[in-house]
Protein chains: 2
Amino acid sequence: MAERLIRIGEVARGAGVSVRAVRYYEQQGLLIAERSPSGQRLYRQDAVDRIRFFQQMFAAGLTSRRITELLPCWDSGHTDANQRAMLRAERDRVQAKVNDLQAALDRLDEVIAITDTHL
Amino acid sequence: MAERLIRIGEVARGAGVSVRAVRYYEQQGLLIAERSPSGQRLYRQDAVDRIRFFQQMFAAGLTSRRITELLPCWDSGHTDANQRAMLRAERDRVQAKVNDLQAALDRLDEVIAITDTHL
DNA sequence: CTAAAACCTGACGTTGACGTCAGAGGCAAG
DNA sequence: CTTGCCTCTGACGTCAACGTCAGGTTTTAG
């Protein structure tokens, strides 16, 4: 059977983002949609997963520009030297951020422990 | 001996931030400075450590407003119920962020491993 | 058939932590 | 004394990922 296409509202609800966000992703070249004869955007089911993936990368601090540059790595599984360098750079950056956050978390836990002592 | 006071440039260099940033912290109520007769800001040595601490909290996603609300917890070691709730909320938020970042990191490592296979 | 709900394209507004520029004063060295 | 760096107070600019509003079309439910 032909693939069932869904409209933007369903995609947004499915991925837990706003309709505006989905349009924004298209504007940034992250997510291309087909169009119905009347001009409405039509998506395949996997658009939901792609958006969830975008959210994950956004949370990791990657910009939409960087994601567009790295999308072929996921879609084709192949990379050039430049993309590999970017991947490693982002990986290292995220790793450093995890370390920073963990340190901050420790300081928060520290003061929580101290103040709880005074109960 | 009386405490040696330093000017804003030295503070900024010591903490690795811009002079503008230090002024901004004062504007947000994070860091109060004495003033010289001519109006220049004068800081104690520990201002550098305080700024490093601010940077750590900023990196963890706390706003300057939230930090001002929680500063007494560090300065006095005492908290009220409201502050304890905020501390735990921030701790949980940071913990969740660490988890998200770790998941993103895993996905990056995943694609790096795959693309390295194709060398 | 009609009204509500969903969709469309601009386009301006928001938030936080600063960057940057303008114009003016302050401070140690030579 | 003047050169040059540091500091001051506004105040507007920046960036990213959307939020929000306006004004109009389309789809759907009854």
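None of the values given here were measured: they were computed from a predicted structure. Order of the sequence lines fixes the chain letters, A, B, ..., with proteins taken first and strands second; residue numbering starts at 1 for each chain.
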Task: Phosphate-side-chain proximity, B:Y24 and C:dA17, N/O vs OP1/OP2 below 4.0 Å - done: yes
Open item on the list: Any side-chain to backbone donor/acceptor pair from A:R7 onto A:R41? Under 3.5 Å, distance only.
Closed with: no
Task: Backbone of A:C73 reached by a side-chain donor or acceptor of A:S76 within 3.5 Å - done: no
Task: Connected hydrophobic set around A:L5, excluding itself, where side chains approach under 4.5 Å - done: A:L42
Open item on the list: Determine whether a donor-acceptor pair (N or O, by modelled atom type, separation under 3.5 Å) exists between the side chain of A:R93 and the backbone of A:A60.
Closed with: yes
- [ ] Using whole Å, report how far CZ of A:R23 lies from P of C:dT9.
- [x] 7 Å
TODO: Please say whether more than 12 non-hydrogen atoms of neighbouring residues, nucleotides or ligands are located less than 6.0 Å from CD in B:Q27.
DONE: yes
TODO: Would you jot down, in residue-number order, the residues of residues 29-52 of chain B having a non-hydrogen atom under 4.0 Å from DNA chain C?
DONE: B:S38
Open item on the list: Counting only side-chain nitrogens and oxygens, does A:Y25 get under 4.0 Å of the OP1 or OP2 atom of D:dC18?
Closed with: yes
Open item on the list: What I want to check is whether the side chains of A:Q28 and A:R65 have a donor and an acceptor closer together than 3.5 Å.
Closed with: no
Task: Residues from residues 91-102 of chain A lying under 4.0 Å of DNA chain C - heavy atoms - done: none
- [ ] May I ask you to list the residues of residues 8-18 of chain B, by number, that have any heavy atom positioned under 4.0 Å from an atom of DNA chain C?
- [x] B:S18
Open item on the list: Under a 4.0 Å threshold between the charged nitrogen and the carboxylate oxygen, would B:E10 count as salt-bridged to B:R4?
Closed with: yes
Open item on the list: Between P on D:dC8 and CZ on B:R7, what's the gap in Å once rounded to a whole number?
Closed with: 9 Å
Open item on the list: I need the minimum non-hydrogen distance between B:A47 and B:L31, along with the two atoms involved.
Closed with: CB-CD1, 4.4 Å
Open item on the list: Tell me if a side-chain donor or acceptor on B:D80 pairs with a main-chain N or O of B:Q83 at a distance below 3.5 Å.
Closed with: yes
TODO: Could you list by number each residue of residues 53-68 of chain A showing a heavy-atom separation from DNA chain D of less than 4.0 Å, or answer none if no residue does?
DONE: A:Q55, A:F58, A:L62, A:T63, A:S64
Open item on the list: Can you tell me how the ring of A:F54 sits relative to the ring of A:Y25, calling it parallel under 30°, perpendicular over 60° and tilted otherwise?
Closed with: perpendicular
Name the pairs: protein N/O against N/O of nucleotides 11-15 of chain D, kept only if under 3.5 Å.
none

